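In this text the structure is predicted, and so the values were computed from the model without any measurement.
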Amino acid sequence: MSTSQDSVRQDALSNGDIYDRPEGNVEQTQTLKLSGAYRIFDRWQVGTDLPIIRRHINAYGDNASSIGVGDIAFNLGYEILPELSYSAWKPRGFVFARWLIPTGKSIYESTDPLGTDIFGKGFHALSMGTVLTKTWGGFDVFFEAEGHLTLGRSFQDITKNTTHFHSGWGASALLAAGYSPGKG
């Protein structure tokens, strides 16, 4: 289980100008993510993420809140470099696949004038990647790289006009280091 909260403090116009929101205009999103995983074989694992989202918006005198389910994800992981015995140099490694399913209402499907009913992105996304981690005493290093494909989708607005969005490929990487004063 994890929680997060974000608040929008500024807006950007299409020309690139940025302006601060007036005092009292609040847009907050709070997320409670329930995650679970199950080892199905010695080095294989399946899991899921279920986000429960609360959105609160107070804009120019209008005030609204909503709670709903966000986009659900299913994960599959395999331990490609198991840590069977200590090695000073070899990391522990995993490969993973993830399927993000657009179960939350997206900005393209919103019917609330303030958008408090927006809980998801609106697109299926498939990801594959790797995670490498290594610990030396109280120090640890973590590396993750993933590539993803977001699938295109059509949306129909309230006037019955259909718009098709073409998505595509993307990637991300993360390198992190840490120290545990208690040495783990």
**Request:** Could you tell me which non-hydrogen atom of Thr116 sits nearest to which non-hydrogen atom of Asp112, and how far apart they are?
**Result:** OG1-OD2, 3.1 Å
**Item:** pair Phe142-Val131: side-chain heavy atoms closer than 4.5 Å
**Value:** yes
**Item:** Shared hydrophobic cluster for Val8 and Tyr19 (ILVMFWY, side-chain gaps under 4.5 Å)
**Value:** no
**Request:** Taking side-chain hydrogen bond (donor to acceptor under 3.5 Å, both in side chains) as the test, write out the residues that go with His164, two or more places apart.
**Result:** Ser154
**Minimum-distance pair of heavy atoms, taken over all atoms of His148 and Ala171** = CE1-N, 3.6 Å
**Item:** Which atom of Phe123 lies closest to which atom of Pro102, heavy atoms considered
**Value:** N-CB, 3.6 Å
**Message:** Applying side-chain hydrogen bond (donor to acceptor under 3.5 Å, both in side chains) as the test, list every pair that has at least one member in residues 91-108; sequence neighbours left out.
**Reply:** Asp49-Arg98, Asn75-Arg98, Glu79-Arg92, Trp99-His124, Lys105-Asp117, Ser106-Glu109
**Complete:** For Leu114 and Ala59, the nearest pair of non-hydrogen atoms, with its separation, is CD2-CB, 4.3 Å
**Request:** Give the C-alpha distance, both sets of side-chain angles, the deciding distance and a yes or no for side chain to side chain contact (heavy atoms under 4.5 Å, CB included) between Val69 and Leu50.
**Result:** CA-CA 7 Å; Val69 176; Leu50 173 68; 3.6 Å; yes
**Asked** Which residues satisfy the side chain to side chain contact (heavy atoms under 4.5 Å, CB included) test with Gln10, sequence neighbours excluded?
**Response** Ile18, Asp20
**Prompt:** Considering all heavy atoms of both residues, which atom of Ala73 and which atom of Leu100 are nearest to each other, and what is their separation?
**Reply:** CB-CD1, 4.0 Å
**Item:** Nearest non-hydrogen partners of Arg153 and Gly122, listed with the distance
**Value:** NH1-O, 2.5 Å
**Request:** Mark yes or no for whether Thr31, through its side chain, and Ser4, through its backbone, hold a donor-acceptor pair below 3.5 Å.
**Result:** no
**Message:** Same cluster or not: Ile67 versus Leu32, using hydrophobic residues (I, L, V, M, F, W, Y) connected whenever any side-chain heavy atoms lie under 4.5 Å apart?
**Reply:** yes
**Expected output: side-chain Thr48 to main-chain Gly36 donor-acceptor under 3.5 Å** = no
**Message:** Applying side chain to side chain contact (heavy atoms under 4.5 Å, CB included) to Ile53 and Thr29, what does each step give before you reach the verdict?
**Reply:** CA-CA 7 Å; Ile53 299 170; Thr29 303; 3.6 Å; yes
**Pairwise distance OG(Ser66) to NE2(His56) - rounded to 0.5 angstrom** = 11.0 Å
**Message:** Atom CZ of residue position Arg39 - does it have more than 12 heavy atoms of other residues, nucleotides or ligands inside 6.0 Å?
**Reply:** no
**Request:** Report, as yes or no, whether the 6.0 Å neighbourhood of atom CG on Leu151 holds more than 12 heavy atoms from other residues, nucleotides or ligands.
**Result:** yes
**Prompt:** Going only through I, L, V, M, F, W and Y residues with side-chain contacts under 4.5 Å, is there a path from Phe96 to Leu126?
**Reply:** no
**Request:** Give every residue pair that meets the salt bridge (Lys or Arg N to Asp or Glu O under 4.0 Å) criterion with at least one member in residues 124-137, sequence neighbours excluded.
**Result:** none
**Hphob cluster co-occupancy, Phe143 + Ile80, side-chain heavy atoms under 4.5 angstrom** = yes
**Asked** Hey, is CH2 on Trp136 packed in by over 12 heavy atoms from elsewhere, all under 6.0 Å?
**Response** yes
**Request:** Give a yes or no on whether the backbone of Gln156 and the side-chain of Asn161 come within a donor-acceptor separation of less than 3.5 Å.
**Result:** no
**Message:** Could you check whether atom CG of Asp17 has more than 12 heavy atoms from other residues, nucleotides or ligands sitting under 6.0 Å from it?
**Reply:** yes
**Item:** Residues Leu81, Leu132; criterion side chain to side chain contact (heavy atoms under 4.5 Å, CB included); working and verdict
**Value:** CA-CA 9 Å; Leu81 294 173; Leu132 301 172; 4.1 Å; yes
**Request:** Let me see the working for Gln30 and Arg54 under side chain to side chain donor-acceptor pair (under 3.5 Å), right down to the final yes or no.
**Result:** CA-CA 5 Å; Gln30 298 163 328; Arg54 178 186 180 269; 3.3 Å; yes
**Request:** Please lay out, stage by stage, how Gln5 and Gln28 fare under the test side chain to side chain contact (heavy atoms under 4.5 Å, CB included).
**Result:** CA-CA 7 Å; Gln5 176 174 314; Gln28 291 182 331; 3.4 Å; yes
**Item:** Joint hydrophobic cluster, Ile72 plus Ile118, side-chain heavy atoms closer than 4.5 Å
**Value:** no
**Asked** Remaining members of Val26's ILVMFWY cluster at a side-chain heavy-atom cut-off under 4.5 Å?
**Response** none
**Listed once per pair and sorted, the ring pair (Phe, Tyr, Trp, His ring centres under 6.0 Å) pairs that draw on residues 63-82, sequence neighbours left out** = Trp44-Tyr78
**Message:** Within the structure provided, determine whether Arg55 and Phe119 are in side-chain contact (heavy-atom separation under 4.5 Å).
**Reply:** yes
**Request:** Using a strict cut-off of less than 4.0 Å between a Lys/Arg side-chain nitrogen and an Asp/Glu carboxylate oxygen, indicate whether Glu27 and Arg9 qualify as a salt bridge.
**Result:** no
